[in-house]
Colleague: 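Let me give you the structure first, and then I'll get to my questions.
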There are 2 protein chains.
Amino acid sequence: MTGRASAQAALETRRSVLRAAAELASVEGLDSVTIGRLADRLGMSKAGVIGQFRSKEKLQLETVELVLEDVRARVWKPVCHLDAGLPRLLAVCASWVRYAADPGYSGGCLLTQVTYDYDGRTGAVHDRIAEGRARWREVLRRDIDTAVAAGDLPPGTDAAQVVYGLESLAAGITPARLLHGDDQTEDWALRGMHAILGAPSTG
Amino acid sequence: MTGRASAQAALETRRSVLRAAAELASVEGLDSVTIGRLADRLGMSKAGVIGQFRSKEKLQLETVELVLEDVRARVWKPVCHLDAGLPRLLAVCASWVRYAADPGYSGGCLLTQVTYDYDGRTGAVHDRIAEGRARWREVLRRDIDTAVAAGDLPPGTDAAQVVYGLESLAAGITPARLLHGDDQTEDWALRGMHAILGAPSTG
DNA sequence: GATTTAAGAGTACGATCGTTCGTACGTCAA
DNA sequence: TTGACGTACGAACGATCGTACTCTTAAATC
């Protein structure tokens, strides 16, 4: 059997490695995260870093898993208890843009970064990102359909088009912030989302 | 003096290197473009590849310059002769999304790729991208202001917000296409832009 | 036709990449 | 206390990175 204290210490190590990997990846991209640099940054040996995972790709995948969980916890979880349909959609948009504008990584929202980085590649990371995004789209689409059924959105609304607009506006926050220093990105994105959803934007 | 024929051959080499670099960068990102892989792909030696440029960063910068020129030629140039204001804005949107949906690189629009890749970094590539995007924003903003003055957009229109919406919708095309295989991204983006600009979307 | 010039090949350099090995140390069960 | 187990280390592997050099070769100028 695995010892308890050592297992907990190992878990602690995993988390610190993943946290460092996420921070680094947000700035320079997921494949600029090298074992050696992580080892240096953490004061560990390369073997100690990679030993927790079995390969670099596994480490990358776990990093993706970490950020997906982070988004789920900070964007979806605070609003999932609300009434399905437009109310929850508006709340999702608010927490979404808030997260994107202040994700806790110095290189901006890591999910956006990895999404645009791996969209054109093949492999496990691409597939995982595509799957995660597809699920998120599904969540949004369901609430859009509910809103249409409730009469909160016009009948005949193209849910896919609405989803596209929302995710594009959310993803635009990071480059606007980091390339131009825009500090109103959260407002811009949220107002755009409200326009799409037919909600009045309070000044 | 530089010979004419050899200089032309060298220029040919430059272009083929840059074209290969752009194609590779669109898929795997600008810093996955290594001298060795370019040399292999082009059937050249590493020295022959890098000899045209003085360092890898110079090659990266010239690749960025190439794609900026490409966008200018294929997005802006076809519509720049139109009347300033809303007419030209609508035409820009059309050629913009058309370009983003079919940029000629197998990894999607390279400008979008590099933008989201380097937004959080420091260095010459980041700075050049930021400068290019700032100029593009300026072009858009001017036509928006003209449209407002002409009464084609409501007075009090927030030009920065409109610009943000347009560039976000354009940038959303690539991941939607490549991650989910969406083939209606051009429509989605264009309709979203028309909604922002208050133009009716013809079905 | 001889001289000059530059493009590109070839080779090598030190650094770093991801990965694998043997080993030392600490923790648990027996 | 002993034995088994797992963590993390240090060292080393072959491969590849960007760059710097020499050398060949072909074109341009005289």
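Residue numbering restarts at 1 for every chain, and letters A, B, ... go by the order of the sequence lines.
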Colleague: Kindly write out the residues that satisfy salt bridge (charged side-chain N to carboxylate O under 4.0 Å, His left out) with A:Arg141, not counting sequence neighbours, or none if the list is empty.
Modeller: A:Glu138, A:Asp145
Colleague: Return the value, rounded to whole Å, for the distance between atom CZ of B:Arg37 and atom C1' of D:dT16.
Modeller: 11 Å
Colleague: Report which part of the nucleic acid B:Arg14 touches: base, sugar-phosphate, or nothing (heavy-atom distance under 4.0 Å, all strands).
Modeller: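 Since no nucleic acid heavy atom lies under 4.0 Å of B:Arg14, the category is nothing.
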Colleague: Return no unless some side-chain N or O of B:Thr13 is found under 4.0 Å from OP1 or OP2 of C:dG8.
Modeller: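 Answer is yes, contact under 4.0 Å.
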Colleague: Got a sec, which residues hit salt bridge (charged side-chain N to carboxylate O under 4.0 Å, His left out) with B:Asp187, two or more places apart in sequence or on another chain?
Modeller: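 Checked B:Asp187 against salt bridge (charged side-chain N to carboxylate O under 4.0 Å, His left out); zero matches.
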Colleague: With sequence neighbours left out, which residue pairs that include part of residues 162-177 of chain A fulfil the salt bridge (charged side-chain N to carboxylate O under 4.0 Å, His left out) condition?
Modeller: A:Arg133-A:Glu167, A:Arg137-A:Glu167
Colleague: Without swapping roles, check the side chain of A:Asp158 against the backbone of A:Ala160 for a donor-acceptor pair under 3.5 Å.
Modeller: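 Such a contact is found between A:Asp158 side chain and A:Ala160 backbone.
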Colleague: Return the value, rounded to whole Å, for the distance between atom CD1 of A:Ile35 and atom C1' of D:dC13.
Modeller: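 One finds 16 Å between C1' of D:dC13 and CD1 of A:Ile35, rounded.
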Colleague: My understanding is that only residues two or more places apart in sequence, or in another chain, count here; which of them pass salt bridge (charged side-chain N to carboxylate O under 4.0 Å, His left out) with A:Asp143?
Modeller: A:Arg88
Colleague: Going by salt bridge (charged side-chain N to carboxylate O under 4.0 Å, His left out), name the residues that satisfy it together with A:Arg37, two or more places apart in sequence or in a different chain.
Modeller: A:Glu28
Colleague: Quickly work out the A:Asp40 CG to D:dC9 P distance and round it to whole Å.
Modeller: 12 Å
Colleague: So if I take residues 22-34 of chain A and measure heavy-atom distances to DNA chain D, which residues fall below 4.0 Å?
Modeller: none
Colleague: Determine all donor-acceptor pairs shorter than 3.5 Å in which one atom belongs to a side chain in residues 39-58 of chain B; sequence neighbours excluded.
Modeller:
{"residue": "B:Ser45", "atom": "OG", "partner": "B:Gly48", "partner atom": "N", "Å": "3.1"}
{"residue": "B:Ser55", "atom": "OG", "partner": "B:Lys58", "partner atom": "N", "Å": "3.4"}
{"residue": "B:Lys56", "atom": "NZ", "partner": "B:Val33", "partner atom": "O", "Å": "3.4"}

Colleague: If I take atom CG in residue A:Leu38 and atom C1' in nucleotide C:dT19, what distance separates them, rounded to the nearest angstrom?
Modeller: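 Computing the A:Leu38:CG to C:dT19:C1' distance gives 15 Å.
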Colleague: Using whole Å, what does the distance between atom C1' of nucleotide D:dC17 and atom CD1 of B:Ile50 come to?
Modeller: 12 Å
Colleague: Name the pairs: protein N/O against N/O of nucleotides 10-12 of chain D, kept only if under 3.5 Å.
Modeller:
none

Colleague: According to the salt bridge (charged side-chain N to carboxylate O under 4.0 Å, His left out) rule, which pairs have a member within residues 76-86 of chain B, sequence neighbours left out?
Modeller: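 Qualifying pairs, neighbours excluded: none.
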Colleague: With under 30° as parallel and over 60° as perpendicular, where do the rings of B:Trp76 and B:Trp136 fit, or are they tilted in between?
Modeller: perpendicular
Colleague: Can you give each donor-acceptor pair under 3.5 Å made by side-chain atoms of residues 61-68 of chain A, sequence neighbours left out, with the distance rounded to 0.1 Å?
Modeller:
{"residue": "A:Glu62", "atom": "OE1", "partner": "A:Arg14", "partner atom": "NH2", "Å": "3.1"}
{"residue": "A:Glu62", "atom": "OE2", "partner": "A:Arg14", "partner atom": "NH2", "Å": "2.2"}
{"residue": "A:Thr63", "atom": "OG1", "partner": "A:Leu59", "partner atom": "O", "Å": "2.7"}
{"residue": "A:Glu65", "atom": "OE1", "partner": "A:Arg128", "partner atom": "NE", "Å": "3.0"}
{"residue": "A:Glu65", "atom": "OE2", "partner": "A:Arg128", "partner atom": "NE", "Å": "3.2"}
{"residue": "A:Glu65", "atom": "OE2", "partner": "A:Arg128", "partner atom": "NH2", "Å": "2.6"}

Colleague: Please tabulate, for side-chain N and O atoms in residues 97-109 of chain B, each donor-acceptor pair with protein atoms closer than 3.5 Å (sequence neighbours left out).
Modeller:
{"residue": "B:Arg98", "atom": "NH2", "partner": "B:Glu186", "partner atom": "OE2", "Å": "3.4"}
{"residue": "B:Tyr99", "atom": "OH", "partner": "B:Asp70", "partner atom": "OD2", "Å": "2.9"}
{"residue": "B:Ser106", "atom": "OG", "partner": "B:Glu23", "partner atom": "OE2", "Å": "2.2"}

Colleague: Expected output is a numbered-order residue list: members of residues 52-61 of chain A with a heavy atom under 4.0 Å from any atom of DNA chain C. What is it?
Modeller: A:Ser55, A:Lys56
